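These numbers come from a predicted model, not from an experiment.
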Amino acid sequence: MLAETLMRQLFFGESHGVGIIRTFQGHCARFLTDTALEEALQAQIADESRHARVYARLLVKRGGVRVGPAAADPGWRTIVGHMAAAKSFSTTLIGIYGLMEPFNLLSLENLLRPLLDASELAEVDQIVRDEAGHVGMFDVFAELVERRILRVDGAECTEMVRVFATWHDPDSRSPSPSPSPAASPSPSPSTIWQ
Ligand SMILES: [Fe+2]
Ligand SMILES: [Fe+2]
């Protein structure tokens with residue numbers, strides 16, 4: 001795969017991810033009093049914005065390659081669109097922190113890095129360090145779920161995984177996706193956002 005192809009996917013995910021994480025932060029703010037977590041989300045938003053700018057700049061440097069939404073893989077657009085439309089804690093938790101961040105990290109390290117020159121590596125290595133930190137936020141949110149401060153919707157998480165798996169393996173596309181029913185604990189409305 002060409003470096004430009006990978007960068008186009010990454011640019012698309014980063015630029016739209018910023019909006020998804022902003023929505024996530026806005027909803028969580030009603031329930032969280034954890035300043036450190038709030039600051040981590042703010043830092044992540046700033047990181048992802050900077051990442052999008054880096055990819056746009058690298059793409060332009062490599063010959064003015066298009067960086068608009070149409071340049072991204074349709075499957076990738078489906079995943080990002082699914083998360084943006086759901087605007088929920090469950091989908092964002094699984095989508096961003098459980099799937100996209102780890103997947104991006106693996107792609108960056110194993111696919112993109114070997115294709116870059118020294119000047120590009122310096123910029124992308126900073127992104128790799130940032131993404132490694134973002135992956136760790138999954139554990140923070142998982143703990144809040146364990147403490148029942150936040151609730152995950154089982155069916156919604158299953159659907160997010162199905163959308164992601166379909167992108168990677170077109171053969172797995174089933175004619176009638178039927179996520180399993182939610183198996184969530186009873187919510188306490190004053191402390192739970194899903
Ligand atoms: Fe990023
Ligand atoms: Fe990230």
The test is side-chain contact (heavy atoms from CB on, under 4.5 Å); show your working for Glu120 and Arg62 and say whether it passes. CA-CA 11 Å; Glu120 293 169 327; Arg62 282 172 168 256; 2.8 Å; yes
Assess the side chains of Glu159 and His82: does a donor N or O sit below 3.5 Å from an acceptor N or O? no
Any chance you could measure Thr5, atom OG1, to Leu112, atom CG, to the nearest 0.5 Å? 10.5 Å
Can you classify the ring geometry of Trp76 versus Phe103 as parallel (below 30°), tilted (30 to 60°) or perpendicular (above 60°)? tilted
Can you list the residues that meet the salt bridge (Lys or Arg N to Asp or Glu O under 4.0 Å) rule with Glu109, with sequence neighbours excluded? none
Answer with yes or no whether the side chains of Glu39 and Gln44 bring together a donor and an acceptor at under 3.5 Å. no
Mind listing the closest non-hydrogen atom pair of Ser49 and Ile45 along with its distance? OG-O, 2.9 Å
Looking at Gly98 and Pro102, what are the two nearest heavy atoms and their distance? O-CG, 3.4 Å
Run Ile94 and Val152 through side-chain contact (heavy atoms from CB on, under 4.5 Å) and show every step you take. CA-CA 9 Å; Ile94 298 299; Val152 295; over 6 Å; no
Under 4.0 Å between a side-chain nitrogen and a carboxylate oxygen: does that hold for Arg147 and Glu143? yes
So CZ of Arg162 and SG of Cys157: to nearest 0.5 Å the spacing works out to 14.0 Å
Should Val140 and Leu93 be regarded as members of a common hydrophobic cluster, given that ILVMFWY residues are connected when their side-chain heavy atoms come within less than 4.5 Å of each other, either directly or indirectly? yes
Show the nearest heavy-atom pair for residues Ala3 and Leu116, with the distance to one decimal. CB-CD2, 4.4 Å
Return the CE to CD1 distance between Met83 and Ile21, rounded to the nearest 0.5 Å. 9.0 Å
How long is the gap from CE on Met137 to CD on Glu101, to the nearest 0.5 Å? 8.5 Å
Nearest atoms (heavy-atom pairs only) where Ser119 meets Lys61: OG-NZ, 3.4 Å
Please report the interatomic distance CG(Leu37) to CD(Gln25), rounded to the nearest 0.5 Å. 9.0 Å
So, do Val124 and Met7 sit near enough that their side-chain heavy atoms are less than 4.5 Å apart? no
Any chain of hydrophobic side-chain contacts (each under 4.5 Å) joining Leu111 to Val135? yes
Can Glu48 and His134 be said to form a side chain to side chain donor-acceptor pair (under 3.5 Å), step by step? CA-CA 10 Å; Glu48 311 300 14; His134 302 165; 3.0 Å; yes
As a quick check of understanding, evaluate ring pair (Phe, Tyr, Trp, His ring centres under 6.0 Å) for Phe12 and His16, giving each step before the final call. CA-CA 6 Å; Phe12 182 79; His16 288 266; 4.3 Å; yes
Residue pairs passing the salt bridge (Lys or Arg N to Asp or Glu O under 4.0 Å) test with at least one member in residues 123-137, sequence neighbours excluded, are Arg50-Asp130, Arg57-Glu123, Arg113-Asp125
Can you tell me how the ring of Phe24 sits relative to the ring of Phe141, calling it parallel under 30°, perpendicular over 60° and tilted otherwise? perpendicular
Measure the CZ-OH distance between Arg8 and Tyr55 for me, rounded to the nearest 0.5 Å. 14.0 Å
Taking Val163 as the fixed residue, which of Leu99, Thr158, Ile79, Thr91 is the one that meets the side-chain contact (heavy atoms from CB on, under 4.5 Å) rule? Ile79
Working for salt bridge (charged side-chain N to carboxylate O under 4.0 Å, His left out), residues Glu14 and Arg53: CA-CA 9 Å; Glu14 301 277 14; Arg53 291 195 298 275; over 6 Å; no
Contact check, side chains of Leu10 and Leu108, non-hydrogen atoms, under 4.5 Å: yes
Nearest non-hydrogen partners of Met100 and Gly13, listed with the distance: CE-CA, 4.3 Å
Check: Leu58 and Phe11 side chains under 4.5 Å, non-hydrogen atoms: no
Can you check whether Val145 reaches Phe89 side chain to side chain, under 4.5 Å on heavy atoms? yes
